[in-house]
Protein chains: 2
Amino acid sequence: MTSSRPGPNLSRIATSLGVSIATVSNALSGKGRVSGQLVERIREHAAELGYVPSQAGRALRTGRSGVIGLVLPDIANPLFPKIAQAIEFAASAAGYGVLIADSRGDAATQVEAINRLVERGVDGMVVIPRRATRISSVACPVAVIDTPSTPGNTVSADHWQGGREIAVHLAGLGHQRILIIGNNRESSVQNDRAGGIRAGLRPAMQAETLWIDELERDGGSGCPLGLAERVKQGFTAFAALSDLQALRALTELQQAGINVPADVSVTGFDDLIWSPVVTPSLTTVRMDMDRIAGIAVSALADTIGKSSAREGMLVTAEIERVAMQLIVRQSSGPCEPGIKNLRDGEHVR
Amino acid sequence: MTSSRPGPNLSRIATSLGVSIATVSNALSGKGRVSGQLVERIREHAAELGYVPSQAGRALRTGRSGVIGLVLPDIANPLFPKIAQAIEFAASAAGYGVLIADSRGDAATQVEAINRLVERGVDGMVVIPRRATRISSVACPVAVIDTPSTPGNTVSADHWQGGREIAVHLAGLGHQRILIIGNNRESSVQNDRAGGIRAGLRPAMQAETLWIDELERDGGSGCPLGLAERVKQGFTAFAALSDLQALRALTELQQAGINVPADVSVTGFDDLIWSPVVTPSLTTVRMDMDRIAGIAVSALADTIGKSSAREGMLVTAEIERVAMQLIVRQSSGPCEPGIKNLRDGEHVR
DNA sequence: CTGAAAGCGCTTACAG
DNA sequence: CTGAAAGCGCTTACAG
């Protein structure tokens with residue numbers, strides 16, 4: 001016995017209409033080699049029968065699955081939802097399905113995840129690499145989203161420029177001493193951001209960087225960062241390299257009785273879900289995820305289109321840097337009813 | 001011209017080894033109809049050539065794609081990462097790939113998303129339905145993850161019981177007046193949670209519910225909820241129906257100079273990424289996502305396995321309720337270095 | 001404008 | 001234990 005799908009296929013439509021399979025195929029795909037009337041009749045009948053083309057059949061014939069892979073370092077990373085949503089959106093607009101793969105753990109798992117996707121026959125993949133991994137040859141086109149400083153990168157937010165935006169904003173508020181708070185000294189994203197902040201300081205300003213990962217190397221994760229002490233030392237601005245750290249800083253300061261933004265300022269990065277919701281809401285810098293995803297997916301689609309480019313094609317060309325956008329919230333004054341402060345996606349089931 | 005994949009196929013392995021395609025297929029799939037020696041030789045040669053089986057060919061022949069779909073109401077929902085990760089994990093352990101689809105917007109988009117997945121030939125799908133949607137007949141097995149009160153549901157956390165855990169915890173702390181904070185009166189998840197809280201109160205305790213969606217119906221999203229006023233009225237505990245609302249409450253209270261947990265308590269639901277990181281960290285209730293995902297995926301796999309069950313099979317049987325686990329943090333005392341307070345996934349790129 | 005035919009890569013009864 | 005053959009559903013040159 002050979003297993004078959006539940007629905008009708010081209011052959012059934014063809015016989016029931018007394019035409020050939022090829023004609024049905026042509027009519028449905030709109031290749032235009034069929035007369036208008038017949039196209040009409042065929043389409044109608046196909047719809048009536050609830051015809052759903054078999055991806056397997058098509059894929060086998062064309063060599064294209066119509067699916068791309070999305071490899072993420074860690075789906076639990078709070079940045080993931082936005083990336084995934086943007087990629088899914090861009091991909092489905094381009095007619096692709098999205099297969100996800102989590103490379104949790106080390107670089108080896110990332111390689112595994114990539115291989116699994118290749119085995120599933122993806123036409124290409126978008127990879128957001130783990131820190132300090134290089135994507136070596138993969139058996140399909142790959143678009144890498146990382147920092148501009150990553151070799152082989154395809155597109156990314158301009159984290160450096162984002163950092164400058166923060167610095168300029170803090171300068172405008174009159175801050176002199178800034179504590180940059182990162183949680184991973186190895187991260188090129190965080191280093192770019194920190195570098196941008198430093199580069200954007202005015203001569204009179206000075207910054208110091210607190211790397212939480214080093215602070216906590218010997219345990220004690222989740223303990224206070226000693227920010228009240230820093231305030232006594234004269235720091236008036238806390239520029240976290242991610243909104244999660246900003247949130248951590250904000251609540252620690254508040255708990256210590258330090259008023260934000262009256263006494264000190266706190267800024268973040270990424271405009272994550274809670275940024276507009278907390279009191280005071282966070283000033284942050286947002287990536288244009290839709291644009292980044294759009295560029296990555298269309299670069300991928302272009303490469304897939306050129307059928308010559310099958311094997312191990314890194315979609316590089318020229319790295320595109322997408323500007324980040326400053327979102328000022330802490331100094332936005334009193335809340336006025338009628339003004340939408342929440343981001344659109346803000347709701348919980 | 002007929003397009004072909006880059007790699008070798010069964011035929012090439014067969015010719016180069018002087019055996020038949022069928023034998024290669026049997027050897028590689030371990031169906032055991034081939035002599036041990038030959039199996040060995042074939043496997044070796046296949047590995048040498050870097051043979052990757054064609055999913056398309058296999059799918060066309062077997063009628064199974066080896067891929068399941070995951071339909072989410074809104075990927076931007078902060079609960080998503082955990083669900084997606086758990087499903088991806090369970091699915092890949094069971095040998096399935098996961099195709100994602102976001103049903104953002106209304107119920108109509110959800111139907112579209114489901115159809116897209118069916119068109120891509122998924123063998124089944126896990127659906128986390130939008131509020132108040134019923135999953136009607138789909139052309140493949142479906143496992144629904146929602147509340148126990150949803151008809152046709154397959155598995156879910158026991159939100160009601162989770163609510164009781166919160167109530168018992170607050171009772172133990174001696175609270176008498178509790179403000180429940182929800183953000184969506186329509187959500188059955190939130191209603192179950194609120195119901196559980198009320199059911200768990202001791203006679204002397206009383207609760208009132210604040211629905212943010214109603215409060216903000218006329219605009220003003222993101223404005224303070226007036227919690228300081230509630231404290232004056234005598235409320236000493238704020239039980240949010242999601243960690244996002246808990247965070248909102250916490251920061252609003254802190255900003256008003258009310259000390260948490262000394263003056264009042266704040267609790268949440270879901271143990272989202274920030275819960276252990278903020279000061280004070282949040283007491284919350286966690287779903288066992290791995291278990292829920294495992295049950296959903298294996299129920300799905302079972303149904304797919306029975307080849308009779310192709311069309312529109314809702315995987316129901318008996319609804320499984322997975323207990324939620326209380327995580328007490330706010331009263332956990334001073335931070336001791338060396339103790340891991342952060343959840344494992346807590347890191348940002 | 002329409003159709004007959006080949007073939008994508010695989011698996012599975014069936015025959016030897 | 002091994003192989004020849006059929007067929008899953010589709011698309012695409014090619015012929016008419």
Side-chain angles (χ1 to χ4, degrees), chain A residues 1-43 46 49-67 118-121 123 139 307 310, chain B residues 1-42 46 49-66 118-121 123 139 307 310:
Chain A
M1 179 215 70
T2 222
S3 83
S4 67
R5 301 188 314 145
N9 53 22
L10 286 187
S11 167
R12 177 147 151 229
I13 298 175
T15 11
S16 106
L17 238 44
V19 298
S20 78
I21 295 178
T23 298
V24 177
S25 173
N26 282 324
L28 259 30
S29 64
K31 286 286 195 302
R33 296 189 269 268
V34 188
S35 71
Q37 283 192 358
L38 192 50
V39 167
E40 198 64 17
R41 267 179 63 211
I42 291 174
R43 293 227 163 124
L49 259 46
Y51 170 69
V52 176
S54 154
Q55 281 298 319
R58 184 173 289 170
L60 184 53
R61 174 61 225 238
T62 62
R64 300 272 157 75
S65 63
V67 171
V118 170
E119 279 167 25
R120 296 230 169 266
D123 293 337
S307 60
R310 300 292 297 155
Chain B
M1 177 215 70
T2 221
S3 84
S4 67
R5 302 186 315 144
N9 53 21
L10 287 186
S11 167
R12 177 147 150 229
I13 299 176
T15 12
S16 105
L17 238 42
V19 298
S20 79
I21 294 178
T23 297
V24 176
S25 172
N26 281 325
L28 257 29
S29 64
K31 287 284 195 303
R33 297 191 267 268
V34 187
S35 71
Q37 282 193 0
L38 193 48
V39 167
E40 198 64 18
R41 266 179 64 211
I42 291 175
L49 258 45
Y51 170 69
V52 176
S54 155
Q55 282 298 320
R58 182 173 290 170
L60 184 54
R61 176 60 224 237
T62 62
R64 299 271 158 76
S65 63
V118 170
E119 281 168 22
R120 297 229 169 267
D123 292 337
S307 60
R310 301 292 297 154

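If you're wondering where the values come from, they're calculated on a predicted model, not measured in any experiment. Letters A, B, ... are given to chains in the order of the sequence lines, protein chains preceding strands, and every chain is numbered from 1.
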B:Leu28 CG to C:dT12 C1', straight-line distance once rounded to whole Å: 16 Å
Shortest side-chain distance from A:Thr23, nucleotide among C:dG3, C:dC10, D:dG3: C:dG3
Whether A:Ser65 side chain and A:Gly121 backbone form a donor-acceptor pair below 3.5 Å: yes
Nearest-Å distance for atom pair CZ/P, residues A:Arg12 and D:dC8: 14 Å
Value in whole Å for how far the C1' atom of C:dC10 lies from CZ of B:Arg64: 15 Å
Most 5' of B:Ala22 and B:Gly57 on DNA chain C, judged by nearest nucleotide: B:Gly57
B:Thr62 (side chain) donor-acceptor with B:Arg58 (main chain) under 3.5 angstrom: yes
Sugar-phosphate only, base, or nothing, as touched by A:Ala56 at under 4.0 Å among non-hydrogen atoms: nothing
Interatomic distance, A:Leu17 CG vs C:dT2 P [rounded to whole Å]: 12 Å
Positive for side-chain contact (heavy atoms from CB on, under 4.5 Å) with B:Leu17, one of B:Ile42, B:Thr23, B:Leu38: B:Ile42
Touch class at under 4.0 angstrom, heavy-atom based, for A:Ile21 against every strand present: base
Rounded distance in Å - CZ (B:Arg58) to P (C:dT12): 10 Å
Among C:dG9, C:dG3, D:dT2, the nucleotide that comes nearest once only the side chain of B:Ser35 is considered: D:dT2
For D:dC14, the Watson-Crick or wobble partner whose two distances fall under 3.5 Å: C:dG3
Selection from D:dA4, C:dC10, D:dT11 that lies nearest to any side-chain heavy atom of A:Ser25: D:dT11
Which nucleotide in D:dG3, D:dG9, D:dC1 has an atom nearest any side-chain atom of A:Arg61: D:dG9
Whole angstrom value for the distance that separates C1' of C:dC8 from CG of B:Asn9: 9 Å
Nearest-nucleotide pick for A:Tyr51, side chain only, options being C:dC10, C:dT11, D:dC10: D:dC10
Presence of A:Ser20 side-chain N/O under 4.0 Å of C:dG3 phosphate oxygens OP1/OP2: yes
Separation of atom CG in A:Leu10 from atom P in C:dC8, rounded to whole Å: 19 Å
From CA spacing to verdict: side chain to side chain contact (heavy atoms under 4.5 Å, CB included), B:Val39, B:Asn26: CA-CA 9 Å; B:Val39 167; B:Asn26 281 325; over 6 Å; no
Under 3.5 Å: donor-acceptor pair, side chain of B:Arg120, backbone of A:Val67: no
Candidates C:dG9, D:dC10, C:dT12 - which lies nearest the side chain of B:Asn26: C:dT12
Nearest-angstrom distance from the residue atom CD of B:Gln37 to C1' of D:dC1: 12 Å
